[in-house]
Number of protein chains: 2
Amino acid sequence: MTRQARSDNTRERVLDAALALFDETSSVEVPVKLLGERSGVSVGSIYHHFGSVSGVAAALYSHCMGALLDHLLESIAGAERLEAVIEKIVRSYLSWTKRNAVKARFIHASAFAPFIGEYRAEIEKEKSDRMERLAALLHSHVGGGRVKELPFFVHEVLIIGPVAEAARRWLSGGSDADLSAAQKHLPPRILESIRGAR
Amino acid sequence: MTRQARSDNTRERVLDAALALFDETSSVEVPVKLLGERSGVSVGSIYHHFGSVSGVAAALYSHCMGALLDHLLESIAGAERLEAVIEKIVRSYLSWTKRNAVKARFIHASAFAPFIGEYRAEIEKEKSDRMERLAALLHSHVGGGRVKELPFFVHEVLIIGPVAEAARRWLSGGSDADLSAAQKHLPPRILESIRGAR
DNA sequence: TGTACATCAGTGAACGCGCGTTCACTGATGTAC
DNA sequence: TGTACATCAGTGAACGCGCGTTCACTGATGTAC
């Protein structure tokens with residue numbers, strides 16, 4: 001096995017174990033000894049690769065967020081009309097959340113965790129170009145009178161807000177959170193919210 | 001001083017210190033010794049009142065969430081028309097967030113924290129009647145053709161989603177999050193998203 | 001192809017500090033008569 | 001109004017366990033000649 005492959009394999013096993021332990025404990029940072037037992041990787045090796053316990057959490061966060069963003073980008077790659085873009089964003093965000101509930105939980109649970117601050121630079125580096133591609137894609141559909149002129153920030157929260165809120169409620173074991181209903185009804189409603197005056 | 005007053009005063013000092021320490025460390029659960037030093041309350045007394053470290057976090061969460069919900073309820077108390085209700089929800093949610101940024105951060109940071117699970121029952125008890133009053137208020141405006149018929153869950157995420165997302169981005173030190181723009185533009189846009197077909 | 005060396009990956013025992021929690025106790029408020 | 005007792009609020013030293021991190025080391029892969 002090549003060095004790179006060995007390394008990647010080890011990192012993967014550690015991140016898998018970290019995710020499993022998060023699922024069991026709801027803690028985004030897990031005891032390194034436990035992590036070692038579960039992953040079959042020695043404590044020293046975990047430090048060799050991640051530097052610290054929060055380093056593991058930061059890497060896992062980057063991994064999960066990357067997976068979600070890649071899924072979104074792939075999904076809307078072919079879409080041309082605004083209707084299709086919105087529809088695909090909602091559908092892929094929610095279906096990814098459903099199929100990757102633990103990773104999705106990890107993302108939402110980490111949003112305000114201390115390690116996000118510590119590792120802001122590294123995380124941003126991983127995230128930024130995908131976020132920019134997403135933003136550019138949205139931006140390209142704004143204008144021409146079909147979409148109301150608003151600060152881009154307002155467009156973002158109108159589009160992502162309802163979807164993220166639905167996901168969060170479902171992930172919190174939400175009483176009556178119904179992702180199928182959201183998937184069905186949100187796209188046309190979000191479209192209405194950003195449409196220009198006719 | 002009466003027993004109740006003494007008790008309340010102690011609890012308040014502890015919760016104040018816990019919030020200040022959260023502001024400094026971003027940790028929702030803080031070392032009890034530190035908490036004692038900052039609040040001027042002994043470790044034993046903290047345990048007497050809160051039972052555990054997560055107990056303090058749970059109490060602080062209930063306190064912050066209660067303050068936000070009370071502010072929302074008060075704000076929309078007099079509103080009669082749907083337009084006014086939406087407008088007031090957005091305005092009061094965002095202005096409360098701005099004026100109580102640390103408490104707001106604590107709320108969002110706690111949403112997926114382990115102690116939420118441990119203390120679910122106690123937290124729900126505090127929260128539920130206010131949530132129900134809010135829900136009832138929203139429900140009362142749905143119907144009569146002015147608002148599109150949708151599962152209530154969908155209405156909720158359409159109304160709260162964009163507002164909460166704007167708040168979260170601003171609280172995360174969000175690059176270009178502009179709460180004033182949100183306060184100005186969100187209400188009519190949210191209204192459009194839930195309006196019935198004309 | 002082979003040898004010598006460099007670099008990276010992986011190990012796990014050892015350290016020591018900080019943490020959450022307990023507990024026997026004192027002090028203050030409330031209650032009964 | 002006063003006394004005796006009960007209940008609750010508050011104290012802080014002591015405990016011991018679990019935690020994150022380090023480090024001297026071995027083993028595997030890569031590189032130079």
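As the structure is a computational prediction, the values presented were derived from the model and not from experiment. Chain letters run A, B, ... following the sequence lines, proteins first and then strands; every chain starts at 1.
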Apply salt bridge (charged side-chain N to carboxylate O under 4.0 Å, His left out) to the pair B:E132 and B:K127, showing each step before the final yes or no.
CA-CA 9 Å; B:E132 275 162 25; B:K127 223 168 119 175; over 6 Å; no
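A pairwise comparison of heavy atoms in A:H108 and A:A167 identifies NE2-CB, 4.3 Å as the closest pair. Closest heavy-atom contact between B:I190 and B:V163: CD1-CG2, 4.0 Å.
The pair A:R146-A:E83 meets the salt-bridge criterion, since a charged nitrogen lies less than 4.0 angstrom from a carboxylate oxygen. Contact check on B:E156 versus A:R169 returns a salt bridge, with a Lys/Arg side-chain nitrogen under 4.0 Å from an Asp/Glu carboxylate oxygen. Using a 4.0 Å cut-off between charged side-chain N and carboxylate O, B:R189 and B:E192 make no salt bridge. Taking a cutoff of 4.0 Å between a charged side-chain nitrogen and a carboxylate oxygen, B:E122 and B:K125 do not qualify as a salt bridge.
Spacing between atom NE2 of A:H48 and atom C1' of C:dA9 amounts to 5 Å, rounded to whole angstrom units. For B:H49 and C:dG20, the NE2 to P distance is 19 Å, given to the nearest whole Å. Atoms CD (B:E37) and P (D:dG10) sit 19 Å apart, rounded to a whole Å.
Side chain of B:R105 to backbone of B:L171: a donor-acceptor contact under 3.5 angstrom is found. Side chain of B:R13 to backbone of B:G40: a donor-acceptor contact under 3.5 angstrom is found. Looking only at distances, a side-chain donor or acceptor of A:H185 sits under 3.5 Å from a matching main-chain atom of A:A181. Formation of a donor-acceptor pair under 3.5 Å by the B:Y119 side chain with backbone atoms of B:G55 is found in this model.
Residues B:Q4 and A:I46 each lie close to DNA chain C; by heavy-atom proximity, the contact nearer the 5' end of the strand is made by A:I46.
Within a 6.0 Å radius of CD in B:E124, more than 12 heavy atoms belonging to other residues, nucleotides or ligands are found.
By the 4.5 Å heavy-atom criterion applied to side chains, A:M65 and A:S110 are not counted as neighbours.
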Polar pairs (N or O, both sides) under 3.5 Å between protein and nucleotides 14-16 of chain D?
none

Name the pairs: protein N/O against N/O of nucleotides 3-7 of chain C, kept only if under 3.5 Å.
from	atom 1	to	atom 2	distance (Å)
C:dT7	O2	A:R3	NH2	2.4

Contact list (N/O, under 3.5 angstrom) for nucleotides 21-25 of chain D vs protein:
from	atom 1	to	atom 2	distance (Å)
D:dT21	OP2	A:Y47	OH	2.7
D:dT21	OP2	A:V53	N	3.1
D:dT21	O5'	A:Y47	OH	3.3

Note, DNA chain D 5' to 3' with Watson-Crick or G-U pairs under 3.5 Å encoded as ( ), [ ], | and . gives .||||||||||||||||||||||||||||||||
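The stretch residues 7-26 of chain A touches DNA chain C through A:S7, A:T10, each having a heavy atom under 4.0 angstrom from the strand.
Partners of A:H49 according to the side-chain contact (heavy atoms from CB on, under 4.5 Å) rule, which considers only residues two or more places apart in sequence or in another chain, are A:S7, A:T10, A:R11, A:S45.
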